[in-house]
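Below, each value reflects all heavy atoms present in this structure, side chains not excepted, and no hydrogens, waters or symmetry copies. Convention: sequence-line order gives letters A, B, ...; per-chain numbering from 1.
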2 protein chains.
Amino acid sequence: MKRTKENIVYNEEAEQLAKFAKALAHPIRIEILKQLESQSCCFTGDLVDVLPLAQSTISQHLKELKNAGLIQGEVNPPKIKYCVNQENWAKAKKLFNNFFSTENMPSCNDGEC
Amino acid sequence: MKRTKENIVYNEEAEQLAKFAKALAHPIRIEILKQLESQSCCFTGDLVDVLPLAQSTISQHLKELKNAGLIQGEVNPPKIKYCVNQENWAKAKKLFNNFFSTENMPSCNDGEC
DNA sequence: AATAATTATCGTAAATTTGCGATGAACTAT
DNA sequence: ATAGTTCATCGCAAATTTACGATAATTATT
């Protein structure tokens, strides 16, 4: 960060997209989401069985995904069921789709370059 | 990272997707890519004019985007023209599309939960 | 009440990211 | 040759991320 904490303001859509991207910016979180995608839901314990990291670490990654809004947890004592947050998942999908749409993206070797 | 550097091996596709996501995980890099998308190409100098960061910082972000493979630079002395790398852009687009495809994604409130 | 099971949080250490100014490298133009 | 332009890199400082073990918190079962 900067020398002194000083907030720089960015485009809101860019900020939101970056936030989602950041949540996806670690392979273990991709794997976690794939699990949740395929299994409709699962418990932290199940994830710990499958993934090569300590329970506390998985829990931290889950927290980040939750903070980004991509997943949500329901208590099901003494377990907690994590699921994809459909609403935000759809929002992220749309943002990435828009971003990658190459509609009017000119090629680099166009004349005016 | 871990106490001692010890590599954990992840699914390759997850790793690649995470790498692209990491490149997108900062609003300024989103903005940079948007510029490159819309303008077909541009020079670092142009970006510095538009973005609220120092030239050296922009240069670093460009480097990260280049490392991720999302952009490429051509020398055009004394300037350097940055453009989206079409091939990897398409690859990223496909990876994100696949990832977000909710084909057989069951809802959280299905019976078996 | 005591125990077991499951998940979150704390404390710590290492690594990485972010940002800046200063400086360097490469090339142009004078 | 000198000066100017453009971009990259270095060195630094602050912030954040990543990972772990230990411990706390919550709830069920005995």
Side-chain angles (χ1 to χ4, degrees), chain A residues 1-10 14-15 18-32 35-36 41-68 71-83, chain B residues 1-10 14-15 18-32 35-36 41-68 71-83:
Chain A
M1 283 286 159
K2 286 186 71 175
R3 295 300 162 127
T4 275
K5 186 108 177 185
E6 174 195 326
N7 272 347
I8 302 171
V9 189
Y10 299 104
E15 200 118 35
K19 192 175 167 188
F20 283 139
K22 194 171 186 179
L24 302 180
H26 194 293
I28 208 77
R29 294 199 286 270
I30 300 286
E31 296 288 5
I32 289 173
Q35 288 286 327
L36 297 188
C41 53
C42 59
F43 305 95
T44 307
D46 305 339
L47 289 170
V48 173
D49 294 342
V50 171
L51 302 171
L53 291 175
Q55 179 265 326
S56 59
T57 307
I58 302 286
S59 189
Q60 266 186 194
H61 284 296
L62 287 169
K63 191 178 178 181
E64 284 183 61
L65 289 171
K66 210 161 70 176
N67 283 342
I71 67 173
Q72 66 198 62
E74 291 176 29
V75 288
N76 202 337
K79 297 195 171 189
I80 292 188
K81 181 179 63 182
Y82 277 109
C83 332
Chain B
M1 283 287 157
K2 288 188 67 175
R3 295 300 161 127
T4 273
K5 186 110 179 184
E6 173 195 327
N7 271 348
I8 302 171
V9 190
Y10 299 103
E15 200 117 35
K19 191 175 167 189
F20 283 138
K22 194 170 185 177
L24 303 180
H26 193 291
I28 207 77
R29 294 199 287 268
I30 300 286
E31 296 288 4
I32 289 174
Q35 288 286 329
L36 296 188
C41 52
C42 59
F43 304 96
T44 307
D46 305 339
L47 290 170
V48 172
D49 293 343
V50 172
L51 303 171
L53 291 176
Q55 179 265 325
S56 59
T57 307
I58 303 285
S59 188
Q60 266 186 197
H61 284 296
L62 286 168
K63 191 179 179 183
E64 283 182 63
L65 289 171
K66 211 162 70 177
N67 283 342
I71 67 174
Q72 66 199 59
E74 291 177 31
V75 287
N76 203 336
K79 297 195 171 191
I80 292 189
K81 180 178 65 182
Y82 278 109
C83 332

| task | Could you tell me whether the side chain of A:Q35 reaches within less than 4.5 Å of the side chain of A:Y82, counting heavy atoms only? | result |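 Result no, sub-4.5 Å side-chain heavy-atom pair not found.
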What's the separation between atom [atom1] in [X] and atom [atom2] in [Y], rounded to the nearest 0.5 Å?
X     : Y     : atom1 : atom2 : value
B:L65 : B:I30 : CG    : CD1   : 9.0 Å
B:L36 : B:C83 : CG    : SG    : 7.5 Å
A:K79 : A:D46 : NZ    : CG    : 5.5 Å
A:L62 : A:L47 : CG    : CG    : 6.0 Å

Length of the [atom1]-[atom2] vector between [X] and [N], whole Å:
X     : N      : atom1 : atom2 : answer
B:L24 : C:dT18 : CG    : P     : 12 Å
A:N76 : C:dA8  : CG    : C1'   : 17 Å
A:I28 : D:dT17 : CD1   : P     : 17 Å
A:L65 : C:dA8  : CG    : C1'   : 15 Å
A:L47 : C:dT6  : CG    : P     : 13 Å
B:E74 : C:dC27 : CD    : P     : 16 Å
A:D49 : C:dT7  : CG    : C1'   : 13 Å

| query | Looking at the side chain of B:E64, which of C:dT18, C:dG19, D:dA19 is the nearest nucleotide? | reply |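 For B:E64, the side-chain atoms sit closest to C:dT18.
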| query | Between B:H61 and C:dG19, does any side-chain N or O lie under 4.0 Å from OP1 or OP2? | reply |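 Yes, such a contact exists.
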| query | Given D:dT17, is OP1 or OP2 found less than 4.0 Å from the side-chain N or O atoms of A:K22? | reply |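 A:K22 to D:dT17 OP1/OP2: side-chain N or O found under 4.0 Å.
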Name each donor-acceptor pair under 3.5 Å that joins a side chain in residues 49-61 of chain B to protein atoms two or more places apart or in another chain, with its distance.
from	atom 1	to	atom 2	distance (Å)
B:H61	ND1	B:R29	NH1	2.9

Contacts under 3.5 Å, N or O only, protein and nucleotides 4-9 of chain D:
from	atom 1	to	atom 2	distance (Å)
D:dC7	OP1	B:T44	N	3.4
D:dC7	OP1	B:I80	N	3.4
D:dC7	OP2	B:G45	N	2.7
D:dA8	OP1	B:Y82	OH	2.3
D:dA8	OP2	B:S59	OG	2.7
D:dA8	N7	B:Q55	NE2	2.9
D:dA8	N6	B:Q55	OE1	3.1

